[in-house]
A.B. asks: 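Would you mind keeping the following structure in view while I ask a few things?
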Amino acid sequence: MTTSPSEHGAPPGSTGDDPPCDLAVVGAGPAGLAAAVTAAGLGLNVMLLDAGERPGGQYYRHPAPGLRAARPQALHHHWHVFARLERRLRAHTTTGRLRHLPGHHVWTVLPEQPAETRQSAPAPAPVWRLHAVADEGPGAGSEDGGESPVTVRAHTVLLATGAYERQLPFPGWTLPGVVGAGGAQAMLKSGLVLPGRRTVVAGSGPLLLAVAAALAAAGGTVPAVVEAADYPSYAHRPAALLRNPGKLAEGAAHGATLLRHGVRLLTRHAVTAAHGTARVQAVTVERLDRDWRPLPGSARRIPCDALATGHGLVPQLELATALGCATLRTADGTPALDLDGEQRTSVPGVWSAGETGGIGGAELALAEGELAAYSVARALRGTRLPPRAAVLRGRRDRLRAFGEAMATVHRPGVGWTAWLDDATHVCRCEEVPAGAIREAAGELGARDARTVKLLTRAGMGWCQGRMCGPAVACLAGAEPAPDRRPLSCPVPLGHLAALPGAGPPAQAPPPPQPPAPADR
Amino acid sequence: MTTTPARLVRADPGPPYEITFDGRPVPALPGQSIAAALWAAGILAWRTTRDSGAPRGAFCGIGACHDCLATVNGRPNRRACLVPARPGDVITTQKGTGHDDLAV
């Protein structure tokens with residue numbers, strides 16, 4: 001096993017000994033891209049680390065160059081926005097102002113221990129160390145999984161780690177052919193494949209409309225979109241709707257595609273079981289009451305060979321919570337980062353933008369990423385916020401209001417647990433049935449997902465509770481706790497052993513001093 | 001003409017190459033992940049679970065759920081949704097941890 005990054009062709013500056021860059025951005029989705037190119041344009045030295053092979057994140061996910069897609073925009077809204085960002089990324093990369101490190105999974109961010117200094121010496125500027133596992137590309141056959149350790153040092157950090165899909169289990173959801181709604185979309189956007197010929201799309205949230213429209217446009221048959229919430233509920237929040245005509249237009253565009261392809265939209269319905277042996281062959285759809293409890297006698301079967309399911313998105317927070325960034329709860333009970341008027345987290349020197357502050361979509365992420373870059377430049381260089389910052393802040397507030405309305409409408413109803421039978425595996429990795437979790441939360445007295453995990457192993461597997469976490473918390477009678485994952489992705493043991501010093505320092509470094517008071 | 005994802009985005013990939021799944025030849029397009037190539041061939045499961053031996057394949061599609069673990073060229077626990085398919089790749093169904101050889 002080799003641990004020297006240079007031998008693997010890792011970029012210079014990634015060994016952890018080079019001078020820190022001004023800003024390290026984690027995530028090259030809409031928020032991270034907007035922040036990185038804006039900051040580079042302001043003259044900062046920027047490193048952009050991203051787990052993906054190509055920039056864009058999940059929203060702008062697109063086919064690999066080898067597939068030579070002439071019209072990737074056919075699967076996207078606002079593709080021109082991404083095309084422009086990518087051009088700016090390339091331009092700044094050419095000048096050396098910005099370095100894009102694709103295939104880099106950041107698994108932890110730590111404050112650097114300042115070297116011992118004499119009392120009279122000035123306090124050194126704080127430095128963050130971002131530890132990443134770098135893919136080594138094709139065919140790497142080394143024992144440690146073809147991955148090399150990379151460390152990036154930076155004066156400031158922007159976490160644009162996005163979100164992952166919330167799953168609520170039901171009998172049969174582990175059958176082959178049952179896939180995440182976001183997963184079906186990701187496989188379509190990047191690999192140009194469909195999970196089946198007849199795909200039911202079910203769960204909750206506007207993503208379902210986008211997924212169904214994409215599957216139908218790409219030649220799939222979508223017998224139904226099954227939505228647990230009620231779209232007319234949006235009408236109870238007219239202010240958020242009227243201030244965001246763009247969102248209405250986007251919804252209308254998906255609606256038109258679905259109409260054109262004859263896709264039925266069933267609201268206040270849920271897929272409460274998937275049937276089949278080697279793969280899904282049909283689903284049971286039931287009508288729901290206001291709390292998402294199935295109404296007796298309403299069950300019917302829809303034949304299909306695939307099911308794309310998801311119940312909204314949840315912010316991906318573990319890098320932020322490991323740093324001690326404060327969280328709050330959004331309207332659907334999900335933890336998100338508590339950010340100020342300039343996208344600063346509660347930890348000085350750490351900013352965040354996009355879905356980490358609450359689910360709100362790409363347009364919001366773009367505005368927040370750009371705003372965060374102005375704020376970082378102000379903190380490092382003492383420049384003033386430009387007038388555009390006020391425009392971005394207004395856009396952000398308007399879109400955040402829409403996000404809150406969306407979270408309220410699609411908040412999972414407490415009655416969804418009635419879909420489960422005791423044998424349903426809630427934790428896919430460790431195959432923990434609902435019965436065991438109910439026992440832990442009942443007789444054994446567990447009151448949160450962590451205790452349930454200790455008693456049953458639910459959430460202890462490969463995915464680190466990303467698939468079952470919200471469901472387990474709900475079965476334990478708790479609101480989901482903020483993500484706690486000391487390592488945000490699998491890391492070869494050798495990389496851990498090679499870290500200088502053991503364990504994180506006891507306290508965060510001193511904050512950078514912004515030249516002006518915070519205006520929240 | 002039937003719509004397909006490739007026609008929708010006017011993809012013009014190079015000629016497909018061959019990988020194998022449990023000994024059976026499967027075509028893969030340049031740029032596709034192993035999971036995408038398997039889906040295109042109608043294969044949805046390439047792993048069995050440790051406890052119940054239930055079949056699994058890609059679920060989240062973005063490398064988070066680890067349901068799509070496969071044995072690739074003899075190496076287990078590769079996320080098929082992330083790993084690009086390469087000419088001649090030998091994919092085999094991963095049973096349990098993929099480390100039966102270490103069982104005691």
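In what follows, chains carry the letters A, B, and so on, assigned in the order in which the sequence lines appear, proteins first and then strands, with residues in each chain numbered from 1.
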A.B. asks: Heavy-atom pairs under 4.5 Å with chain B are the metric here; pick the option from D305(A), L188(A), T309(A), V178(A) that has the most.
C.D. replies: V178(A)
A.B. asks: When heavy-atom pairs shorter than 4.5 Å are enumerated against chain B, which of G219(A), A64(A), G220(A) gives the highest number?
C.D. replies: G219(A)
A.B. asks: Is R197(A) close to chain B through its backbone or its side chain, or both, or neither, when contacts mean heavy atoms under 4.5 Å?
C.D. replies: neither
A.B. asks: Just give me the residue among G310(A), A308(A), A218(A), G183(A) that pairs up with chain B most often, heavy atom to heavy atom, under 4.5 Å.
C.D. replies: A218(A)
A.B. asks: Kindly give the heavy-atom pair with the smallest separation between A11(B) and L67(A), and that separation in Å.
C.D. replies: CB-O, 3.3 Å
A.B. asks: Donor-acceptor pairs under 3.5 angstrom involving side-chain atoms of residues 55-66 of chain B: please list them, not counting sequence neighbours.
C.D. replies:
| unit_1 | atom_1 | unit_2 | atom_2 | d |
| --- | --- | --- | --- | --- |
| R56(B) | NH1 | R428(A) | O | 3.0 |
| R56(B) | NH1 | D67(B) | OD1 | 2.9 |
| R56(B) | NH2 | R428(A) | O | 3.3 |
| H66(B) | ND1 | A64(B) | O | 3.1 |

A.B. asks: Under 4.5 Å, heavy atom to heavy atom, which residues of residues 29-37 of chain B contact chain A?
C.D. replies: L29(B), P30(B), G31(B), Q32(B), A35(B), A36(B)
A.B. asks: Check each atom of A186(A) against the heavy atoms of chain B and say whether the ones under 4.5 Å are side chain, backbone, both or neither.
C.D. replies: side chain
A.B. asks: Restricting to non-hydrogen atoms, name the atom on W39(B) and the atom on V179(A) that form the minimum distance, rounded to 0.1 Å.
C.D. replies: CZ2-CG1, 3.6 Å
A.B. asks: Output yes when a side-chain donor or acceptor of E431(A) lies under 3.5 Å from a complementary backbone atom of T49(B), and no otherwise.
C.D. replies: no
A.B. asks: So how far is it from L69(B) CG to W462(A) CH2, rounded to the nearest 0.5 Å?
C.D. replies: 6.0 Å
A.B. asks: For residues R50(B) and E430(A), determine if any side-chain heavy atom of one lies less than 4.5 Å from a side-chain heavy atom of the other.
C.D. replies: yes
A.B. asks: Using heavy-atom distances under 4.5 Å, tell me whether N73(B) contacts chain A through its side chain, its backbone, both, or neither.
C.D. replies: neither
A.B. asks: Less than 4.5 Å to any heavy atom of chain B: does that hold for the side chain of Q58(A), its backbone, both, or neither?
C.D. replies: side chain
A.B. asks: Taking every heavy-atom pair that is under 4.5 Å apart, which of G180(A), G52(A), P63(A) has the most such pairs with chain B?
C.D. replies: G180(A)
A.B. asks: Below 4.5 Å from any heavy atom of chain B, which atoms of C489(A) appear? Answer side chain, backbone, both or neither.
C.D. replies: neither
A.B. asks: Identify the heavy atoms of H425(A) and S52(B) that sit nearest to each other, and give their distance.
C.D. replies: CE1-OG, 4.5 Å
A.B. asks: Taking every non-hydrogen pair under 4.5 Å, which of Q464(A), R71(A), Q73(A) racks up the most with chain B?
C.D. replies: R71(A)
A.B. asks: What heavy-atom pair brings A6(B) and L192(A) nearest, and what distance separates the two atoms?
C.D. replies: CA-CD1, 4.1 Å
A.B. asks: Using heavy-atom distances under 4.5 Å, tell me whether R47(B) contacts chain A through its side chain, its backbone, both, or neither.
C.D. replies: neither
A.B. asks: Between A217(A) and T3(B), which heavy-atom pair has the shortest distance, and what is it?
C.D. replies: O-CG2, 3.2 Å
A.B. asks: So for P195(A), is it side chain, backbone, both, or neither that comes closer than 4.5 Å to the heavy atoms of chain B?
C.D. replies: both
